[in-house]
Amino acid sequence: MKCPYCGYPDSKVVDSRPTDEGQAIRRRRECEKCGRRFTTYEKIEEIPLIVVKKDGSRQSFDRMKVMNGIIKACEKRPVPMDEIEKIVSDIEKGLSNLMLKEMDSTIIGEYVMEHLRKLDDVAYVRFASVYRQFTDAESFRHEIEKLLGDDKKKRKPEK
Ligand SMILES: [Zn+2]
């Protein structure tokens with residue numbers, strides 16, 4: 001945020017609070033060069049994220065759809081609903097931080113896999129198998145091996 005007094009591009013935030021309506025964030029900033037303070041209002045923009053599917057069609061990002069995919073993958077697994085919701089929120093936040101207008105559906109899938117992988121191996125493989133649409137046994141085996149390889153590094157094998 002550029003300083004309105006001297007034009008210096010860097011400032012630090014000294015205070016940050018949402019406005020009454022919660023639609024914007026009011027920030028007190030201090031210029032790192034001249035030290036003067038100024039206020040900025042950052043509007044929380046609701047830019048719909050457009051997801052580009054493999055066939056090139058576009059649709060807006062659907063939180064529920066992502067959530068349902070994860071729930072399906074976690075069926076009968078000891079994954080609490082809280083964790084699933086957290087994944088979806090993390091992904092949503094991560095995507096909006098990228099400030100992109102369009103995003104390939106595959107990237108969202110990769111994000112989900114990355115999260116699931118840390119959470120539950122079975123859910124991860126299930127999701128990956130649907131998402132990547134493993135066309136042959138070889139790529140599936142490759143994925144499993146990758147997972148097992150990680151396991152060896154990360155923890156002792158379970159009996
Ligand atoms: Zn300044």
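Read the numbers this way: they start at 1 and go in the same order the structure lists the ligands and their atoms. In this text the structure is predicted, and so the values were computed from the model without any measurement.
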Using distance only, find each side-chain donor-acceptor pair of residues 81-89 under 3.5 Å and give its atom names and separation, not counting sequence neighbours.
unit_1 : atom_1 : unit_2 : atom_2 : d
Ser89  : OG     : Arg63  : NH2    : 3.4
Ser89  : OG     : Glu85  : O      : 3.1

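Put simply, OG on Ser105 and CD on Glu110 are 10.5 Å apart, with the number rounded to the nearest 0.5 Å.
In this structure, the side chains of Ser16 and Ile25 come closer than 4.5 Å at one or more pairs of heavy atoms. Residues Val13 and Arg29 are in side-chain contact: their nearest non-hydrogen atoms beyond the backbone lie under 4.5 Å apart.
Under the 4.5 Å side-chain heavy-atom criterion for grouping Ile, Leu, Val, Met, Phe, Trp and Tyr, Ile107 is connected to Phe61 within one hydrophobic cluster.
In terms of heavy-atom proximity, Phe127 sits nearest to Val112 at CZ-CG1, 3.4 Å.
Counting only protein N, O or S atoms closer than 2.8 Å to the Zn ion (ligand 1) gives 4.
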